[in-house]
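See below for the structure under consideration.
Please read these numbers as outputs of a predicted model, since none were measured by experiment.
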Amino acid sequence: QVQLVGSGGGLVQPGGSLRLSCAASGIIFGIGDMGWYRQAPGKQRELVATITFIGSTNYADSVKGRFTVSRDNAKNTVYLQMNSLKPEDTAVYYCNADINGVHTYWGQGTQVTVSS
């Protein structure tokens with residue numbers, strides 16, 4: 001019954017910003033680590049950012065200083081604020097979450113395209 005739904009992707013010019021959201025729904029007893037991954041065409045999925053329940057974060061070197069991951073535990077939601085976007089940020093972005101202490105779930109992905 002548990003699922004993650006990501007949203008907020010779209011087309012943006014270089015230097016622009018987007019905020020992605022990913023909300024967990026269903027029977028939720030607890031959510032541990034949450035994060036964002038991305039996959040560009042012809043590339044493997046890579047880590048973008050992660051955040052623990054208490055807010056400890058880590059980022060890929062390629063996005064440090066530009067992206068910020070946050071979460072709202074009351075809403076079972078994780079966010080990714082993306083600033084100073086570059087064409088190389090273009091990818092499908094996937095939410096990830098460890099839910100109910102047992103399973104890891106993935107969102108369906110949301111497309112981010114950075115182009116002038």
Side-chain angles (χ1 to χ4, degrees):
Q1 298 186 55
V2 175
Q3 65 176 3
L4 290 173
V5 179
S7 62
L11 175 64
V12 64
Q13 294 186 341
S17 298
L18 284 173
R19 190 174 82 151
L20 306 183
S21 300
C22 190
S25 63
I27 307 301
I28 307 295
F29 297 99
I31 303 177
D33 293 351
M34 306 184 81
W36 291 94
Y37 297 74
R38 67 187 182 187
Q39 187 167 25
K43 305 292 185 180
Q44 295 191 45
R45 189 173 300 185
E46 65 175 351
L47 170 72
V48 176
T50 61
I51 183 168
T52 69
F53 181 80
I54 61 171
S56 297
T57 60
N58 69 83
Y59 299 89
D61 288 341
S62 60
V63 307
K64 286 180 180 178
R66 300 188 298 119
F67 291 11
T68 302
V69 63
S70 61
R71 64 192 289 169
D72 185 336
N73 292 329
K75 296 181 178 180
N76 294 328
T77 300
V78 62
Y79 305 94
L80 185 68
Q81 179 67 47
M82 304 184 294
N83 299 324
S84 302
L85 283 161
K86 303 175 180 179
E88 51 262 44
D89 295 318
T90 296
V92 177
Y93 284 70
Y94 297 89
C95 176
N96 170 275
D98 298 324
I99 301 177
N100 293 339
V102 177
H103 300 292
T104 298
Y105 294 86
W106 291 87
Q108 84 285 3
T110 183
Q111 176 71 47
V112 172
T113 302
V114 184
S115 176
S116 59

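With rounding to the nearest 0.5 Å, the separation of CE in Met34 from CG in Asn73 is 8.0 Å. A distance of 8.0 Å separates CD1 of Ile51 from OG of Ser56, quoted to the nearest 0.5 Å. Taking CG of Leu20 as the start and CE of Met82 as the end, the distance is 3.5 Å to the nearest 0.5 Å. One distance of note links CZ of Arg66 with OG of Ser84; it measures 7.0 Å at 0.5 Å rounding.
When all heavy atoms are compared, the tightest approach of Ala91 to Ala40 is CB-N, 3.8 Å. Of all heavy-atom pairs between Gly8 and Leu18, the closest is O-CD2, 4.0 Å.
The salt bridge (Lys or Arg N to Asp or Glu O under 4.0 Å) contacts involving residues 27-40 comprise Arg38-Glu46, Arg38-Asp89, where partners must be two or more places apart or lie in separate chains. Residue pairs meeting the ring pair (Phe, Tyr, Trp, His ring centres under 6.0 Å) criterion with at least one member in residues 14-47, sequence neighbours excluded: Tyr37-Trp106. Applying the ring pair (Phe, Tyr, Trp, His ring centres under 6.0 Å) rule to pairs touching residues 45-91 yields nothing, sequence neighbours excluded.
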Requested in this report: Determine, step by step, whether Val78 and Cys95 satisfy the side-chain contact (heavy atoms from CB on, under 4.5 Å) criterion, reporting the C-alpha distance in whole Å, the side-chain angles of both residues, the deciding distance to 0.1 Å, and the verdict.
Outcome: CA-CA 8 Å; Val78 62; Cys95 176; 3.4 Å; yes
Query - Residue pair Tyr93, Val48: steps toward the side-chain contact (heavy atoms from CB on, under 4.5 Å) verdict - result: CA-CA 9 Å; Tyr93 284 70; Val48 176; 4.1 Å; yes
Report task. Quick one: do Thr50 and Asn58 satisfy side chain to side chain donor-acceptor pair (under 3.5 Å)? Show the steps, please. Result -> CA-CA 5 Å; Thr50 61; Asn58 69 83; 2.2 Å; yes
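With hydrogens and angles ignored, the 3.5 Å screen pairs no side-chain donor or acceptor of Asn100 with any backbone N or O of Val102. At distances below 3.5 Å, not a single donor-acceptor pair connects side-chain atoms of Thr113 with backbone N or O atoms of Leu11. Between the Gln108 side chain and the Gly6 main chain, a donor and an acceptor come within less than 3.5 Å of each other. Panel note: side chain Ser62, backbone Ala60; no donor-acceptor pair is recorded below 3.5 Å. Side chain of Thr110 to main chain of Ser7: no donor-acceptor pair is present (N/O by atom type, distance under 3.5 Å, no hydrogens or angles).
Heavy-atom contacts from other residues, nucleotides or ligands closer than 6.0 Å to CD of Glu88 number more than 12.
Judged as a side-chain contact (heavy atoms from CB on, under 4.5 Å), and not counting sequence neighbours, the contacts of Ala24 are Leu4, Ile28, Ile31, Asn76, Ile99. For Val92, the side-chain contact (heavy atoms from CB on, under 4.5 Å) partners are Tyr94, Gln111, not counting sequence neighbours. Listed by chain and number, the residues in a side-chain hydrogen bond (donor to acceptor under 3.5 Å, both in side chains) with Ser17 are Asn83 (sequence neighbours excluded).
Side-chain atoms of Ser115 and Pro87, non-hydrogen and from C-beta on, never get closer than 4.5 Å to each other.
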